[in-house]
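By convention in this document, chain letters (A, B, ...) are assigned in the order of the sequence lines, proteins followed by strands, and residues within each chain are numbered from 1.
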2 protein chains.
Amino acid sequence: MTTPQLIAQIRSKKSFLCIGLDVDLTKIPEHLLELEDPIFEFNKAIIDATHDLCISYKPNTAFYEAYGIKGWQSLQKTINYINENHPEIFTIADAKRGDIGNTSTMYAKAFFEDLHFDSVTVAPYMGKDSVEPFLAFKDKHTIMLALTSNEGAFDFQTLNANGKQLYKQVLETSITWKNSQNLMYVVGATKAEYFSEIRKIVPNSFLLVPGVGAQGGSLSEVCKYGMNDNIGLLINSSRGIIYASNKLDFAKKAREEALKIQLEMQEIMSLKFSI
Amino acid sequence: MTTPQLIAQIRSKKSFLCIGLDVDLTKIPEHLLELEDPIFEFNKAIIDATHDLCISYKPNTAFYEAYGIKGWQSLQKTINYINENHPEIFTIADAKRGDIGNTSTMYAKAFFEDLHFDSVTVAPYMGKDSVEPFLAFKDKHTIMLALTSNEGAFDFQTLNANGKQLYKQVLETSITWKNSQNLMYVVGATKAEYFSEIRKIVPNSFLLVPGVGAQGGSLSEVCKYGMNDNIGLLINSSRGIIYASNKLDFAKKAREEALKIQLEMQEIMSLKFSI
């Protein structure tokens with residue numbers, strides 16, 4: 001998917017909501033556990049109930065790998081279901097990969113060519129030659145960790161590195177890499193006050209923002225400091241939507257929660273863009 | 001596996017060689033491609049030919065994920081084959097994972113409980129709460145990236161962060177984490193001159209060392225600066241061993257290459273420990 005296609009979808013749906021499909025068998029409705037593939041059935045119901053309210057789905061690969069081959073099959077069925085039924089959706093493999101050059105190429109193939117995701121998240125620690133192999137894929141997007149939403153973000157990401165905080169070094173260095181136009185960045189919603197600094201370095205890039213809702217981040221604060229003329233934000237919510245209920249009505253309740261966020265986004269967009 | 005068991009194996013085999021099982025279908029002997037699971041058959045032949053010369057096998061998960069579910073099945077068969085036939089071997093899932101707390105727990109379950117690896121490699125960028133979930137598993141080991149063997153290591157790992165290079169900050173911070181006795185570190189052989197500095201911070205930890213051979217690192221240099229009283233090194237070689245030949249004799253040639261390294265290790269151990 002191209003960036004203009006992503007922006008068009010956002011404007012059309014009046015939403016920049018990404019729903020995280022982090023499916024834990026201990027948290028989903030019990031009646032699903034009797035089915036052959038409970039994870040896929042859960043995802044399918046969530047997707048059917050929310051696809052018009054969100055512009056992206058983001059399965060976190062950890063939740064699938066934890067169930068071995070069966071989990072990997074659920075992931076494959078989920079991405080196939082999205083691509084076949086809702087090709088307008090921007091899909092994110094939240095995998096946080098990164099390795100030396102030839103190995104990163106293998107990861108890129110896994111997510112872009114075998115599973116047909118539009119994007120994958122990567123970690124920056126190993127530097128340029130660990131990320132550029134992902135950037136080489138046309139119309140695919142690489143979402144690099146910059147400033148994450150967790151407490152441990154302060155261990156290294158905000159250290160003063162050569163005169164500026166490490167996450168800023170990461171941003172500044174990354175924009176010099178080949179095909180850096182294919183980069184997006186992870187910036188946690190719990191750190192809204194950092195967004196204006198980040199926008200000075202990457203004014204036009206899309207930012208994937210976890211941490212709204214369950215982790216305490218504020219949508220309006222993030223939009224105030226992080227939004228650009230093309231929206232430029234993919235706001236992720238996982239638990240707050242997909243686990244809104246663990247009863248028979250889970251998909252309906254998930255839709256209600258997604259709708260609340262979408263309406264808030266529509267309001268923000270109408271104020272900013274008069275649309 | 002406990003650390004004393006690992007050390008006992010090293011002393012018994014007079015080897016601290018780890019063989020990287022990074023299997024690329026475009027590089028393995030053609031005659032294997034006709035079999036139902038060429039990747040597993042390749043690994044099985046390599047393992048049969050080398051298990052007495054090495055103390056560890058390290059499949060890099062990227063090379064398996066790139067082939068989707070079939071690749072994941074090959075990985076599972078490979079780890080099962082090692083655990084059933086050579087339980088003394090220290091197994092490493094080279095996965096370079098890392099995510100927020102509950103997600104890292106899912107990754108840890110994937111590699112420690114579903115696949116039964118002894119250890120997994122992780123990335124440090126997200127800090128304490130992304131790594132501690134791995135450390136909580138008893139008799140399992142978490143191998144964190146410190147200073148990697150690639151060129152991109154100089155992008156961020158050697159930046160001056162709060163007065164010292166970032167990789168040193170990573171090492172120093174990590175030893176304060178809960179269950180840090182379960183940590184090992186990745187340090188590239190291409191940076192042998194850094195080992196004495198690293199040993200000042202983590203004198204007793206095992207270091208997983210890629211980059212000997214194909215990437216140009218020197219075994220004797222690494223041992224000179226990095227070895228401690230319990231050896232403390234796992235020297236990885238991948239391509240130099242497993243792709244020594246792509247003909248019918250590939251396993252025999254792999255053994256010859258592994259033997260060369262093992263004999264060099266035996267010599268180094270005999271000089272240092274008079275054994």
Side-chain angles (χ1 to χ4, degrees), chain A residues 22 24 60-69 71-73 76 94-111 113-115 123-132 145 148-157 159-163 166 169-170 173-174 210 215, chain B residues 22 24 60-69 71-73 76 94-111 113-115 123-132 145 148-157 159-163 166 169-170 173-174 210 215:
Chain A
D22 305 346
D24 184 336
N60 188 308
T61 55
F63 288 79
Y64 300 84
E65 290 178 26
Y67 301 109
I69 288 165
W72 204 258
Q73 285 170 330
Q76 189 160 66
D94 195 0
K96 300 187 175 70
R97 300 297 198 265
D99 208 310
I100 59 171
N102 64 326
T103 310
S104 274
T105 300
M106 297 303 268
Y107 278 129
K109 283 184 183 176
F111 292 107
E113 294 186 346
D114 184 68
L115 288 168
Y125 192 72
M126 295 181 69
K128 173 176 169 166
D129 52 355
S130 72
V131 179
E132 281 190 345
L145 300 180
T148 57
S149 59
N150 63 322
E151 185 62 29
F154 298 111
D155 281 340
F156 309 121
Q157 296 167 25
L159 287 179
N160 185 322
N162 286 18
L166 178 61
Q169 285 281 0
V170 166
T173 303
S174 72
Q215 293 179 56
Chain B
D22 305 347
D24 184 336
N60 189 307
T61 55
F63 288 79
Y64 299 83
E65 290 178 25
Y67 302 109
I69 288 164
W72 204 257
Q73 285 170 331
Q76 189 160 65
D94 195 0
K96 301 187 176 71
R97 298 298 197 265
D99 208 310
I100 60 170
N102 64 328
T103 310
S104 274
T105 300
M106 298 303 270
Y107 278 130
K109 284 186 182 176
F111 292 108
E113 293 187 346
D114 184 68
L115 289 168
Y125 192 71
M126 293 181 71
K128 173 175 170 166
D129 52 355
S130 72
V131 179
E132 280 190 344
L145 300 180
T148 57
S149 60
N150 62 323
E151 184 61 29
F154 298 112
D155 281 340
F156 308 121
Q157 298 167 25
L159 286 180
N160 185 320
N162 285 20
L166 178 62
Q169 285 282 2
V170 166
T173 302
S174 72
Q215 292 179 56

query: Between A/E65 and B/F111, does a side chain to side chain contact (heavy atoms under 4.5 Å, CB included) hold up when you go through it step by step?
result: CA-CA 8 Å; A/E65 290 178 26; B/F111 292 108; 3.7 Å; yes
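The most heavy-atom pairs under 4.5 Å with chain B, out of A/G101, A/G127, A/P210, come from A/G127. For the set A/T173, A/N102, A/I100, A/D99, the entry with the most heavy-atom pairs within less than 4.5 Å of chain B is A/D99. Of the residues considered (A/E151, A/E113, A/R97, A/Q169), A/R97 shows the highest number of contacts with chain B, using heavy-atom pairs under 4.5 Å. Among A/E132, A/Q73, A/K109, the residue with the largest count of heavy-atom pairs under 4.5 Å with chain B is A/Q73.
Here the closest non-hydrogen pair linking B/S130 and B/A123 is OG-O, 4.5 Å. Pairing each heavy atom of B/D155 with each of A/K128, the nearest pair is OD2-N, 2.6 Å. A pairwise comparison of heavy atoms in A/M106 and B/A62 identifies CB-O, 3.7 Å as the closest pair. Across all non-hydrogen atoms, the minimal contact from A/W72 to B/I69 is CD1-CG1, 3.4 Å.
For the atom pair CZ of B/F156 and CZ of A/F156, the computed distance is 15.0 Å after rounding to the nearest 0.5 Å.
When heavy atoms are compared at a cutoff of 4.5 Å, A/P124 approaches chain B by way of both its backbone and its side chain. For a residue to count as touching a neighbouring chain, one of its non-hydrogen atoms must lie under 4.5 Å from one of that chain's; by this rule A/F154 does not touch chain B. Contact annotation for B/D114: only side-chain heavy atoms (C-beta onward) come within less than 4.5 Å of a heavy atom of chain A. With a 4.5 Å cut-off on non-hydrogen atoms, A/Q76 touches chain B through its side chain but not through its backbone. For a residue to count as touching a neighbouring chain, one of its non-hydrogen atoms must lie under 4.5 Å from one of that chain's; by this rule B/T103 touches chain A with backbone and side chain alike. Contacts of B/L115 with chain A are absent, with no heavy-atom separation under 4.5 Å from either backbone or side chain. For chain B, no part of A/V131 is nearby; none of its heavy atoms comes within less than 4.5 Å. Using a 4.5 Å cut-off between heavy atoms, A/T61 contacts chain B through both its backbone and its side chain. Using a 4.5 Å cut-off between heavy atoms, A/N60 touches chain B through its side chain atoms alone.
When each of B/L166, B/L159, B/N160 is checked for a side chain to side chain contact (heavy atoms under 4.5 Å, CB included) with A/L159, only B/L166 meets the rule.
Here B/K96 pairs with B/D94 in a salt bridge; the nearest charged N to carboxylate O distance falls below 4.0 Å.
Side-chain atoms of A/T148 and B/Y125 form no donor-acceptor pair, as typed in the model, at a separation below 3.5 Å.
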